[in-house]
Amino acid sequence: MPKKDPIIEIFKKSGALLSGHFLLSSGLHSGTYFEKFAVLKKPEYLQLLCKKMANHFKKQRIDLVIGPTTGGMLIAYEVAKNLRKQFFFAESENGKRVLKRGFDLKPSQKVLIVDDILTTGKSVQEVIDLVNGYRAKIVGIGVLLDRSGGKVDFGYPLFALATTAVENYSPESCPLCQKGVELVKPGSRVMK
């Protein structure tokens, strides 16, 4: 019997692991959805997960931790707190990530990028583009859960607390659409 992944178990216990027919923020469809806020709303889980992530990166030279709004922002704060570093968050504006509210990166800074759930990597890539625009050095990327099965490669070291392979479908080839299963749009990213 395979050993249970403790991170996946946290998602299950939180009611965050959902089955159905979901429209992902990437535009893809899936029969599985991880509702990260079912986990993130519980401070004890958020603290535990972020401490594990911070422990992975603690030997690296990091000046600050940054994550995309909204879930990544909570994770960035908690990981930065554990590493005793600054925390930044990247807001979405006109289809890209930007720094506001007095945040400013410098080329000499070493940056850790964190996020919640990795599917296609769009949010993380937006933050990578932002950090690279300031010519700051990316030392790594951390996510709570990589649902791509390790298929996403950003060209920087990636650490996931848990990795699972979840099948996603283009709307044209989605078997759930073909069966007439009702499509649900969870999450928060505005779809175009």
Side-chain angles (χ1 to χ4, degrees), residues 3-17 24-25 32-92 97 99 103 105 109-132 136-166 187-189:
K3 184 180 170 190
K4 291 182 178 181
D5 185 303
I7 305 304
I8 300 293
E9 290 303 308
I10 287 173
F11 276 83
K12 287 179 181 176
K13 279 193 265 182
S14 302
L17 179 54
L24 305 177
S25 63
T32 304
Y33 186 76
F34 292 89
E35 179 45 81
K36 61 196 168 237
F37 286 106
V39 174
L40 298 180
K41 73 181 181 182
K42 298 182 184 223
E44 64 273 19
Y45 287 149
L46 178 62
Q47 291 169 357
L48 172 75
L49 295 170
C50 292
K51 186 171 187 173
K52 285 179 179 286
M53 188 178 295
N55 283 340
H56 176 80
F57 289 103
K58 72 182 177 187
K59 292 184 180 175
Q60 298 205 23
R61 293 187 57 203
I62 295 168
D63 295 314
L64 66 97
V65 181
I66 186 170
T69 54
T70 302
M73 180 172 73
L74 297 171
I75 295 161
Y77 172 81
E78 198 64 33
V79 170
K81 181 176 84 172
N82 279 281
L83 293 173
R84 294 190 168 118
K85 302 297 178 185
Q86 287 187 320
F87 117 92
F88 283 22
F89 58 91
E91 299 181 67
S92 187
R97 296 287 169 171
L99 293 177
F103 292 134
L105 289 168
Q109 290 180 305
K110 293 173 180 55
V111 179
L112 172 62
I113 297 172
V114 298
D115 202 7
D116 41 44
I117 310 295
L118 174 63
T119 300
T120 63
K122 182 177 180 185
S123 295
V124 170
Q125 188 60 57
E126 290 170 350
V127 179
I128 289 170
D129 294 343
L130 169 68
V131 172
N132 284 337
K137 180 173 174 30
I138 298 169
V139 297
I141 299 166
V143 295
L144 298 182
L145 178 69
D146 176 359
R147 60 174 273 150
S148 79
K151 292 179 183 171
V152 178
D153 181 7
F154 297 107
Y156 297 97
L158 173 66
F159 170 71
L161 291 178
T163 300
T164 187
V166 176
S188 60
R189 184 182 292 235

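Quantities reported herein were computed from a predicted structural model and do not represent experimental measurements.
With hydrogens and angles disregarded, no donor-acceptor distance shorter than 3.5 Å links the side chain of Asp146 to the backbone of Ala160. No donor-acceptor pair under 3.5 Å is formed between the side chain of Gln60 and the backbone N or O of Ile62. Ser148 places a side-chain N or O within 3.5 Å of a backbone atom of Gly150 that can act as its donor or acceptor partner. Checking side-chain atoms of Arg147 against main-chain N and O of Thr32 turns up a donor-acceptor pair under 3.5 Å. Although no hydrogens or angles enter the test, the distance criterion places a donor-acceptor pair under 3.5 Å between the side chain of Arg97 and the main chain of Ala90.
Note that NZ of Lys42 and CD of Gln47 are 13.5 Å apart. Values are rounded to the nearest 0.5 Å. Here CG of Leu130 is found 11.0 Å from CD of Glu91. Values are rounded to the nearest 0.5 Å. The CG atom of Leu105 sits 10.5 Å away from the CG atom of Asn132 when rounded to the nearest 0.5 Å. Between the CG atom in Leu46 and the NZ atom in Lys41 there is a gap of 13.5 Å [rounded to 0.5 Å]. Once rounded to the nearest 0.5 Å, the distance linking CE of Met53 with CD of Glu78 reads 11.0 Å. To the nearest 0.5 Å, atom CD of residue Gln109 and atom CG of residue Leu64 are 5.0 Å apart.
In plain terms, the two heavy atoms of Ile141 and Phe57 that are nearest each other are O-CZ, 3.6 Å. Here the shortest heavy-atom pairing between Gly140 and Leu112 reads O-CD1, 3.4 Å. Asn82 and Ala54 get closest at one heavy-atom pair: CB-CB, 3.4 Å. Nearest approach of Val152 to Gly121, heavy atoms of both residues: CG1-CA, 4.4 Å. Listed here is the closest heavy atom pair of Leu161 and Leu144: CB-O, 3.2 Å. Shortest non-hydrogen contact noted between Gly67 and Ala76 is N-CB, 3.6 Å.
Checking Val124, Leu74, Ile75, Ile66 one by one against Val114, the side-chain contact (heavy atoms from CB on, under 4.5 Å) holds for a single residue, Ile75.
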Side chain to side chain contact (heavy atoms under 4.5 Å, CB included) between Val143 and Asp116, intermediate numbers included: CA-CA 5 Å; Val143 295; Asp116 41 44; over 6 Å; no

Go through it in stages, so that I can follow the logic: the residues are Val65 and Phe88, the test is side chain to side chain contact (heavy atoms under 4.5 Å, CB included), and I'd like the CA-CA distance, side-chain angles, deciding distance and then a yes or no. CA-CA 6 Å; Val65 181; Phe88 283 22; over 6 Å; no

Walk me through it: do Leu40 and Tyr45 pass the test side chain to side chain contact (heavy atoms under 4.5 Å, CB included)? CA-CA 7 Å; Leu40 298 180; Tyr45 287 149; over 6 Å; no

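Under the 30°/60° scheme for interplanar angles, the aromatic rings of Phe87 and Tyr77 are found to stand perpendicular.
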